[in-house]
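What follows is a set of notes on a single structure, which appears directly below.
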Number of protein chains: 2
Amino acid sequence: MKKNPATLSDIARKLNISISTVSRALHDHPAISQSTKSRVIKLAEKLNYQPNMLALSLLNKKTNTIGIIVPEITSYFFSSIINGVQDLVNDAGYRLIISQSEESFEKEKEILDTLSKVRVDGFLVSPTSETHNAHHFNKLIESGTPLVIFDRDCTGFNADKVLVDDYDGAFQAVEYLIKTGCRRIAHITGPSKLSISRHRLHGYLDALKKYDIPKVDDLIIPVEGFTPEFGVEAAKAMMEFPELPDAIFAINDGIAIGAMYVIKEAGIQIPNQVSVIGFDDEPHSSYFIPPLTSVWQPVYDMGLLSARILLSKLKGKKSSEARYEMLKPELIVRASSREL
Amino acid sequence: MKKNPATLSDIARKLNISISTVSRALHDHPAISQSTKSRVIKLAEKLNYQPNMLALSLLNKKTNTIGIIVPEITSYFFSSIINGVQDLVNDAGYRLIISQSEESFEKEKEILDTLSKVRVDGFLVSPTSETHNAHHFNKLIESGTPLVIFDRDCTGFNADKVLVDDYDGAFQAVEYLIKTGCRRIAHITGPSKLSISRHRLHGYLDALKKYDIPKVDDLIIPVEGFTPEFGVEAAKAMMEFPELPDAIFAINDGIAIGAMYVIKEAGIQIPNQVSVIGFDDEPHSSYFIPPLTSVWQPVYDMGLLSARILLSKLKGKKSSEARYEMLKPELIVRASSREL
DNA sequence: TACATTTATGCAAAGGTTTGCATAAGTTAT
DNA sequence: ATAACTTATGCAAACCTTTGCATAAATGTA
């Protein structure tokens, strides 16, 4: 059933002219007569001619395609970044191939590999939690394919990076809790391999230190994932404590929401007895009761900026210094935390 | 800085053998001597040779790529479908190009166009709310590129389709409300151009009819979008009614959540005074208090099935009848609605 | 020795496009 | 009438790969 798409030579044959003439006619080349042009254009339309980008890319050594690799697309966080990227690169005439690494290092390498084979012009990647060396990235860069890392740092690897200041976001959140009178502040932390988990934990600890609040190991509760289920699990554990915390700073909104659920079900008042703060400021978070205080991240802008940097590399900007951009998050105070 | 990737001829030149020999050596062709093979393989590795898929695709008239077009990727709904698709097509050796139409017909056509130019092998598309003719789809199919429609119907267009029985989902929800004693049931409906909105509205109306409950026009509240803000808006309007409804069936969870927020803030009891049911069963929905009753859709399976159908077309299945698959949704009862 | 067979390799075409250079016809100026 | 120029078109190479067919050398057989 597969008819072959029309080609230049199809048009040329039917019109008894050469392929080059057809090509030039379609590009409105000045050396082609008007009459020929119109004949060609008419037939091209009739045959539904579409230039074969494969041939073109092969010729130009350029696909006008960029590849983006994220751990997952299901989250609001990554899909919003992608939106930023998409908007910018499309306007610049590039296509975007979105791939999911599913937090697997192997898969990340595999994707990098297949996308190299299809000759994407550049890469945007947010490394997996398993990614601890950068051989595969370096190989790519050495071969001249530009690459920009975003959101998650890959320490020791020198490249263009666009990150969010997770440390600062966490610090802001915890400092706010302290200023509103909380002293026994728990932190539900994410996978320790992840740079963002470490940075947020660090921010939490430094905020405590600044106000001379002793760190209590039991109040730092590690969980394996980012979904509400893990928040439920952590909160249930917390309920067994001899003394409840008076605040919870969760690694993200999903966890915070799970924790809030357990707390409210137990009849504990938020924020009177326990304040809760999340991270990411997801769209639904403000519709819980009480609405969730959260650290907002400039997701869309992170996408835009990452894309802009990549595009400038593609435009042949002599790779000066690697750019290192650190975007500032912002604490959005709502009713799940006490007032100042 | 862009070094050209190694090619077969690079290897051939350095080894003083022909390109064909190199190609065959890398494919472990029996007619090539072991010694040659190992020399070739070694050098290929050293040069980091990667076959150029552009050349290959050009030769084979096949890119092993399929394109999927969704209105947006930010929602849990579409991103989960994409996951289903991704998992299946990757296993089958295909790449996936994800594009967003942003509910714009023009953009949909544009995407179809550029993806045709890069010669994707097949399409998966969930049409925009503006898509009311199928010329562009038909042109594609005529040219022999298979296409599967999913989630949103495009009536009058005969093609392979994988849909969810929205009518049935709505009917189930409303029937449940009636059986639990609700009589004054409001429906917050989505954009009327969208097949899913119409079908859900229809299910709502037919359920009322079955139980001889008169339709009250004021109780059908149309909104323009799917985010909680619209739910807030609709619920606020509802608050002005001389008599409150005793149940709300919302077009989706986002709307339901926004409505619940307003209702709870107003001190009205859910579900004692007002039951609320949403649609989509998003991950966060069960963590609201009360947890939201919602119509679950087999999103991942819809992705799988759509992809499976497309792949079978690509495998050269003689296009028999167009397949029309209607998946069944399921009402997940939680505490935002009364017990039976 | 002559012929058949095996083993290893190379040639060239095909896939679709662009573009520098060559060519052909037609026009203008001398 | 000839040179010089304009105008319109075509040739062929390049991008990279696969593969049917041809070739060459080496080995085996009668």
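Lettering follows sequence order; numbering is per chain, from 1.
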Check your understanding: Is there a side chain to side chain contact (heavy atoms under 4.5 Å, CB included) between B/Met302 and B/Glu325 once you walk through the steps?
Key -> CA-CA 9 Å; B/Met302 177 154 50; B/Glu325 302 284 344; over 6 Å; no
**Study point:** Main-chain N/O of A/Ile73 paired with A/Gln100 side-chain donor or acceptor, under 3.5 Å
**Key:** yes
Review point. Do any N or O atoms from the side chain of A/Asp10 and from the backbone of A/Thr7 form a donor-acceptor pair under 3.5 angstrom?
Key: yes
Interatomic distance where [atom1] belongs to [X] and [atom2] belongs to [N] [whole Å]:
| X | N | atom1 | atom2 | result |
| --- | --- | --- | --- | --- |
| A/Asn60 | D/dA14 | CG | C1' | 11 Å |
| A/Lys117 | D/dC16 | NZ | P | 17 Å |
| B/Asn52 | D/dT18 | CG | C1' | 13 Å |
| B/Leu47 | D/dC16 | CG | P | 14 Å |
| B/Lys61 | D/dT18 | NZ | C1' | 15 Å |

Point to revise | Check: B/His132 ring centre within less than 6.0 Å of B/Phe105 ring centre | key: no
Practice item. Would you check, one step at a time, whether the test salt bridge (charged side-chain N to carboxylate O under 4.0 Å, His left out) holds for B/Glu103 with B/Arg152? Key: CA-CA 12 Å; B/Glu103 300 286 5; B/Arg152 297 177 174 187; 2.9 Å; yes
Review point. Heavy atom of residues 17-33 of chain B under 4.0 Å from DNA chain D: which residues?
Key: B/Ile19, B/Ser20, B/Ser23, B/Arg24, B/His27
Check your understanding: Checking all strands, does B/Leu56 fall into the base, sugar-phosphate, or nothing category for heavy-atom contacts under 4.0 angstrom?
Key -> sugar-phosphate
Check your understanding: Looking for any heavy atom pair under 4.0 Å, which part of the strands does A/Ser57 touch: base, sugar-phosphate only, or nothing?
Key -> nothing
Closest heavy-atom pair and its distance - [X], [Y]:
| X | Y | value |
| --- | --- | --- |
| A/Val70 | A/Phe78 | CG1-CD2, 3.8 Å |
| B/Leu115 | B/Gly67 | CD1-CA, 4.1 Å |
| B/Val120 | B/Thr145 | O-CG2, 4.1 Å |
| A/Leu54 | B/Leu58 | CD1-N, 4.1 Å |

Check your understanding: 5' to 3' on DNA chain C, which nucleotides open and close the contacts with chain B (atom under 4.0 Å from a heavy atom)?
Key -> C/dA8 to C/dG16
Exercise for review: Applying salt bridge (charged side-chain N to carboxylate O under 4.0 Å, His left out), run through B/Lys109 and B/Glu106 and close with a yes or a no.
Suggested key: CA-CA 5 Å; B/Lys109 286 199 290 189; B/Glu106 273 318 307; 3.7 Å; yes
Study note, to complete from the structure: Note: for B/Arg39 and B/Leu54 on DNA chain C, the residue whose nearest nucleotide lies more 5' is B/Arg39
Review point. Would A/Lys117 and A/Asp113 count as a salt bridge (charged side-chain N to carboxylate O under 4.0 Å, His left out) if you check the C-alpha gap in whole Å, the side-chain angles of each, and the deciding distance to 0.1 Å?
Key: CA-CA 6 Å; A/Lys117 287 186 184 134; A/Asp113 224 61; 3.6 Å; yes
Exercise for review: Please round to 10 degrees the angle between the axis of the first five pairs and the axis of the last five pairs in the helix from C/dT1-D/dA30 to C/dT30-D/dA1.
Suggested key: 70°
